[in-house]
Amino acid sequence: MSLSPEDIDAIWLTLKLASVVTLLLILISTPIAWWLARTQSWLKGPINAIVAMPLVLPPTVLGFYLLVFLGPQGAMGQFLMPLGISPLPFSFAGLVVASMLYSLPFVVQPIQNAFMAIGEGPLEAAATLRSSPWNRFVFVALPLAKPGYLSAAVLGFAHTVGEFGVVLMIGGNIPKETRVISVQIYDHVEALEYGQAHSLSLLMVSFAFIVLAALYSLQKRQKNNAIIGERL
């Protein structure tokens, strides 16, 4: 396996993008998942649908509308330009925004399921001890939802690493700025550099296998621990 300096740059940029997106998504998804897990509002259905839309939308469709929305003539672009902020398309910041939207369901849904699995029992028990709503959330709900957070972090990171359509539409193909691994593979194929494309593709396949194997092993261990806990 041989990697060029451009390949190394794309790998580091991809890892940087996935790390930033995963961290921000965990922070943003927590209140969304908590509200979706506990609310009985009629808005739950529409909000759930909005969160899940990236699962069914073609990435190029989402990327196109983000390009229009964030561009100089778009609503967000016209709002940001008077503040001295450059249009987000074709920048690393734009990649972060697009990747967060595209990977949102992969982070929100595992956390939401973890909050729903907690049930009302532990929270009601804490309430009887005069624990405040904030303390019940921080010291009861969050620790019990830890498996969901681990799954969300792994899925969010892995999904961001594998993006292509959205990042190409929003970020373009700027070396060291927006050219991630998937775009670098596309470039190699376009240039008929199949050997280098194979090296990066094999790296992606290996990464996907390791991530999924780790995730399934983690879920199996958590399931076994839960069974042991029930027996005790």
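Basis for what follows: all heavy atoms, side chains included, without hydrogens, waters or symmetry-related copies.
- Linking Ile, Leu, Val, Met, Phe, Trp and Tyr residues whenever their side-chain heavy atoms come within less than 4.5 Å places Val161 and Phe106 in a single cluster.
- When all heavy atoms of Met169 and Phe90 are compared, the closest pair comes out as O-CE2, 4.1 Å.
- Although no hydrogens or angles enter the test, the distance criterion places no donor-acceptor pair under 3.5 Å between the side chain of Thr22 and the main chain of Ser19.
- Atom OH of Tyr186 has 12 or fewer neighbouring heavy atoms from other residues, nucleotides or ligands inside a 6.0 Å radius.
- Of the candidates Ile111, Asn48, Asn113, Leu36 forms a side chain to side chain contact (heavy atoms under 4.5 Å, CB included) with just one, namely Asn48.
- Side-chain atoms of Arg179 do not come within 3.5 Å of backbone N or O of Ala10 as any donor-acceptor pair.
- Using a 4.5 Å heavy-atom threshold, the side chains of Val154 and Leu150 count as separate.
- Residues Arg38 and Leu123 meet the side-chain proximity criterion, which asks for heavy atoms closer than 4.5 Å.
- Two residues are said to be in side-chain contact when any heavy atoms from C-beta on lie closer than 4.5 Å; Ser199 and Asp7 fail this criterion.
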Kindly indicate, with the supporting measurements, whether the criterion side chain to side chain donor-acceptor pair (under 3.5 Å) is fulfilled by Ser103 and Thr160.
-> CA-CA 6 Å; Ser103 297; Thr160 303; 3.2 Å; yes
Apply the test side chain to side chain contact (heavy atoms under 4.5 Å, CB included) to residues Tyr194 and Val189: give CA-CA distance (whole Å), side-chain angles for both, the deciding distance (0.1 Å), then the verdict.
-> CA-CA 6 Å; Tyr194 289 165; Val189 173; 4.1 Å; yes
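- Not one N or O on the side chain of Gln73 forms a donor-acceptor pair closer than 3.5 Å with the backbone of Val68.
- Hydrophobic cluster membership differs between Phe64 and Met76, with clusters built from Ile, Leu, Val, Met, Phe, Trp and Tyr side chains linked at under 4.5 angstrom.
- What you find for Pro87 and Ser91 is that their closest heavy atoms are O-OG, 4.3 Å.
- Note on Val20 and Met100: same hydrophobic cluster, where clusters join Ile, Leu, Val, Met, Phe, Trp and Tyr whose side-chain heavy atoms are under 4.5 Å apart, directly or indirectly.
- The hydrophobic clustering, which links ILVMFWY residues whose side-chain heavy atoms are closer than 4.5 Å, places Met116 and Val51 apart.
- When side chains are defined from C-beta on, Glu163 does not count as touching Ile170, because their heavy atoms never get closer than 4.5 Å.
- Note that the CG atom of Leu200 and the CD atom of Gln196 stand 8.0 Å from one another [nearest 0.5 Å].
- Between Ile185 and Ala197, the shortest heavy-atom contact is O-CB, 4.3 Å.
- Between Ala158 and Phe207, the shortest heavy-atom contact is CA-CE2, 4.0 Å.
- One hydrophobic cluster, built from ILVMFWY side chains closer than 4.5 Å, holds both Phe164 and Leu95.
- Taking every heavy atom of both residues into account, Val107 and Ala152 meet most closely at O-CB, 3.5 Å.
- Closest heavy-atom contact between Ala98 and Val166: CB-CG1, 3.4 Å.
- The CH2 atom of Trp12 sits 11.0 Å away from the CD1 atom of Ile181 when rounded to the nearest 0.5 Å.
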